[in-house]
A.B. asks: 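Questions regarding the structure given below will be posed in turn.
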Amino acid sequence: MTDKVNYRRLGDIAVIRIANPPVNALGQAVRAGLQDCMDRAEADDGVRAVLLVGDGRTFIAGADIREFGKPPAEPHLPDLCNRIEASPLLVVASMHGVSLGGGLEVALSAHYRVAQPSARVGLPEVHLGLIPGAGGTQRLPRVVGSGAAVDMITSGRHVGAAEALALGVVDEIREGDPEEEGLVATRALLDKGMERRPVSGLPSPAPLDWDAVYAATLKKGRGQISPAAAVRAIQASTELPFAEGLAEERRIFRELMETDQRQGMIHSFFSERAVSNLPDLRGVEPRAVGHVGVVGGGTMGAGIATAVLLAGLNVVLLEMTPEAADKARNRIAGNLAGALRRGKISQDRYDTLLSDALQTTTEYADLSQADLVIEAVFEDMAVKRDVFSELDRICRPGAVLATNTSYLDINEIAAATSRPADVIGLHFFSPAHIMKLLEVVVAEHTAPDVTATGFALGKALGKISVRAGVCDGFIGNRLLNACRTAADHMVLDGASPWAIDKALTEFGFAMGPFAVSDLAGLDIAWATRKRLAPHRDPRERVGRYPDRLCEAGHFGQKTGRGFYLYEDGMRAGTPNSDVTGFIEAERAELGIVPRDFSPDQIVARYLLAMVNEGAKLLEEGIARRPLDVDVVLVAGYGFPRYRGGPMKWADMTGLSDVLSDIRKLAEGDAWFWKPAPLLEDLVREGRSFEALNG
Ligand code: 3HC
Ligand code: NAI
């Protein structure tokens, strides 16, 4: 026995309590403790049943992810599950909080499952690049059938108690203290003379058209392999005896454990949690935020207001005219209607949010009581400075003044106020009520409790918040600019925009850079290019062909024509052949003979540009850790989560290879491909980006 698992006898029931905070992960000590306690219960005279319960907030959140990649230590979880199931005693699991992965697998090895109404269960291993590896792919289908098992395991979704009951994953829902309710249920089963009911003894589930399910799952995974691999394991449950199915599951699990995808996804899992864990904010109390002001109700302002309303806070939204304010209200109503359709809010909540929680106005005075104001007006320094000096005049002392600017200098915006310590960047992503990422941009004079308030708001809004410093584009847009420049150079040198988009979506990006530009509006980048033009170094190579498109009035999706042509209302476009003319004209003007780029070369150049720029951001302190860069790219820019992010990709590729590829490219364009000194240092010292993650 260990101190992580406790044994207590209550009459003829042995209570085995797992106490491994924070989430009762099944590390080696817990597995050993469970095994010892099962031995002890079986040797304990007069014990007829075992009740498994979790201490603290949850039953069991799964295997201990920190152990993955290290040599496995006995007892192994699949053996433990078999051992629990094979016990001559009646085993009952009482589940509260979450029972995920190995946690649900332990519960499925029990003979009866009781759950709290708020409990959630699931097999989320695919999100870690794995499949359930302790019998989940064999036992769950025997309980819920093949179709439901495919749905649960390939999506990894959390299933609420009511649905779990309907599916048969749990046998009973009881509200109250998990141990007391578990004891009541166990006692009733003993009184009824309930027999042990091992799931492995249930008949094999009915087969599906497995090749079709596999192909559909593979396609949906967009390059991620674990969901499709899970289908093959579930297939085994319908075709093989239990023990052989288990062996097949184990084989696939071990194979996936060795993949880069497993490394990438687990890196993402821990990084997403580490981003908001900032040493300099420990012990810093955020300011209280109940009332939020939003200035500007366009695409972003309306999205931000929607996110804030959905988090249960009140919003006052300021627009320039009553008509614009009405338009903003309609946009927000449209966003909330989407949440209603998706079942995120009830009709009642929808009505109250619009009637009580949202106020639109054209008067700055209405923002005087706001605890935090987020500005989302046009991307124009003069306009932003005017807004901030008004806010400075009207807002109460201590109110946080935030800007959603994409690129502008927040220090300069802060200087328009008499209180720069209260000014911060809160950079949302479009659509702001859906996208998970929030860059919390800390300016020169931003007070620590203002930064803490940014993170607290992000948490309340359900966002993944990443700290960034002030520079042109912060973390995400600066990296995007770098790799977009690399893409533009490839276009000038011979690749087509569509080939580049295709190579990158095949790599796993949600969209290619040219399709993204069409979505964002080509005019935005055009304005940025014009703004930066006077400060450009003459050695900088800038493609002009996107300007030609803009000059012709083609701004992407909003005008139906950009790099792609969009039929009425269509989101996916077909290549716009006009673009080829602009590109060829520019090549001719510059005397460039086009060359071929393979998809691998396209992906490599794009990522090398990202990594090099990421290293520069780290040097400048704009990003604190490589993992911050990774999370921004994955959560906000469609970088495939299963690859962990650009810095993780670089580590897995090998930094010395990365550097030597960059040096080779620098032979052709020394300005753009100048290696980041940090990258050179790391290679010289034989270290990786991971070493900087702390
Ligand atoms: N192993 C190790 N640590 C874990 C863990 C796990 N399975 N699950 C959570 N943690 C850690 C987190 O890293 C975090 O640590 P930190 O405080 O040092 O940052 C801490 O527990 C609390 O986690 P969260 O901040 O995420 O807390 P939440 O309350 O928001 O969420 C949760 C709790 C829903 C349990 C969420 O953490 C989660 O989804 N965890 C992963 C669950 C999972 O994937 N389980 C399957 C594991 S693989 C497996 O079981 C293989 C088997 O089939 C063989
Ligand atoms: P938008 O043009 O859709 O909306 C701007 C709104 O601000 C308009 O409704 C306008 O009437 C209003 N406005 C302008 N001046 C005002 C003032 N003085 N007082 C009150 N309202 C005023 O622009 P969008 O796309 O919403 O962008 C807003 C800000 O968010 C910009 O700084 C932009 O860079 C940034 N941003 C945009 C993203 C995007 O994907 N569109 C993503 C992240 C940030």
Side-chain angles (χ1 to χ4, degrees), residues 20-27 57-68 72 76-78 81 97-106 120 122-137 153 156 158 249-250 253 257 262 265-266 269-270 272-277 294-304 317-321 323-325 327-328 331 361-362 364 374-384 386-388 390 403-408 413 425-432 435 437 439 459 474 476-477 516 519-521 524 527-528 636:
N20 185 25
V23 294
N24 293 333
L26 290 159
R57 57 169 149 144
T58 225
F59 179 62
I60 302 172
D64 187 338
I65 303 170
R66 286 170 215 275
E67 289 182 353
F68 293 169
H76 304 303
L77 192 57
C81 288
V98 293
S99 306
L100 297 175
L104 181 56
E105 290 172 305
V106 166
R120 286 176 293 140
L123 292 173
E125 286 87 344
V126 294
H127 297 308
L128 302 172
L130 294 167
I131 63 165
T137 64
I153 296 174
H158 293 192
E249 174 192 87
R250 200 72 203 145
F253 179 84
M257 191 59 95
R262 190 273 299 166
M265 293 191 98
I266 288 184
F269 176 85
F270 285 119
E272 282 156 8
R273 285 159 177 79
V275 281
S276 50
N277 184 2
V294 175
V295 186
T299 313
M300 291 310 289
I304 293 167
L317 185 142
L318 176 91
E319 258 291 351
M320 289 199 285
T321 60
E323 296 71 37
K327 263 193 176 169
R331 277 195 195 101
T361 181
T362 53
Y364 269 92
I374 306 169
E375 164 279 310
V377 303
F378 303 134
E379 185 77 342
D380 178 309
M381 182 54 90
V383 180
K384 302 241 188 227
D386 281 352
V387 169
F388 272 77
E390 280 299 306
T403 171
N404 181 49
T405 180
S406 307
Y407 287 97
L408 299 178
I413 294 175
L426 291 179
H427 184 216
F428 290 79
F429 289 75
S430 181
M435 290 291 285
L437 181 64
E439 280 182 316
K459 188 162 185 206
F474 319 126
N477 281 341
V516 169
L519 181 65
I524 301 205
T528 308

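Residue numbers count from 1 along this sequence. Whatever order the structure lists them in is the order used to number ligands and atoms, beginning at 1.
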A.B. asks: What atoms of ligand 1 come closer than 4.0 angstrom to any heavy atom of Gly62?
C.D. replies: 50 (O)
A.B. asks: Show the atoms of ligand 1 that are less than 4.0 angstrom away from any heavy atom in Arg66.
C.D. replies: 13 (O), 15 (O), 18 (O)
A.B. asks: Run the numbers for me: atoms of ligand 2, each under 4.0 Å from some heavy atom of Lys384, listed by number.
C.D. replies: 31 (C), 32 (O)
A.B. asks: At a 4.0 Å threshold, what atoms of ligand 2 neighbour a non-hydrogen atom of His427?
C.D. replies: 43 (C), 44 (C)
A.B. asks: Around atom 33 (C) of ligand 2, find the nearest protein heavy atom and jot down its residue, atom name and distance.
C.D. replies: Ser406 OG, 3.5 Å
A.B. asks: Test of understanding: given a 4.0 Å heavy-atom threshold, classify the contact between Val295 and ligand 2 as side chain, backbone, both, or neither.
C.D. replies: side chain
A.B. asks: Can you find a non-hydrogen atom of Pro124 under 4.0 Å from ligand 1?
C.D. replies: yes
A.B. asks: Indicate whether atom 17 (O) of ligand 1 is within a distance of less than 4.0 angstrom of some protein heavy atom.
C.D. replies: no
A.B. asks: Would atom 23 (O) of ligand 2 count as contacted, meaning some protein heavy atom under 4.0 Å?
C.D. replies: no
A.B. asks: So which protein heavy atom does atom 37 (C) of ligand 2 come closest to, and at what separation?
C.D. replies: Met300 CG, 3.3 Å
A.B. asks: Is it the side chain, the backbone, both or neither of Val23 that has a heavy atom closer than 4.0 Å to ligand 1?
C.D. replies: side chain
A.B. asks: Got an N/O contact under 3.5 Å between Gly133 and ligand 1?
C.D. replies: yes
A.B. asks: Which ligand 1 atoms, with their elements, are less than 4.0 angstrom from a heavy-atom of Pro132?
C.D. replies: 53 (O)
A.B. asks: Does ligand 2 have a heavy atom under 4.0 Å from the side chain of Phe429, from its backbone, from both, or from neither?
C.D. replies: neither
A.B. asks: Using a 4.0 Å cutoff against the non-hydrogen atoms of Ser430, which atoms of ligand 2 qualify?
C.D. replies: 40 (O)
A.B. asks: Measure from atom 30 (O) of ligand 1 to the protein's non-hydrogen atoms and state whether any distance is below 4.0 Å.
C.D. replies: no
A.B. asks: Using a 4.0 Å heavy-atom threshold (strictly under), name the region of Leu128 that reaches ligand 1: side chain, backbone, both or neither.
C.D. replies: side chain
A.B. asks: Using heavy atoms and a threshold below 4.0 Å, how should the contact between Asp386 and ligand 2 be classified: side chain, backbone, both, or neither?
C.D. replies: neither
A.B. asks: Is Thr405 close to ligand 2, meaning an N/O of one under 3.5 Å from an N/O of the other?
C.D. replies: no
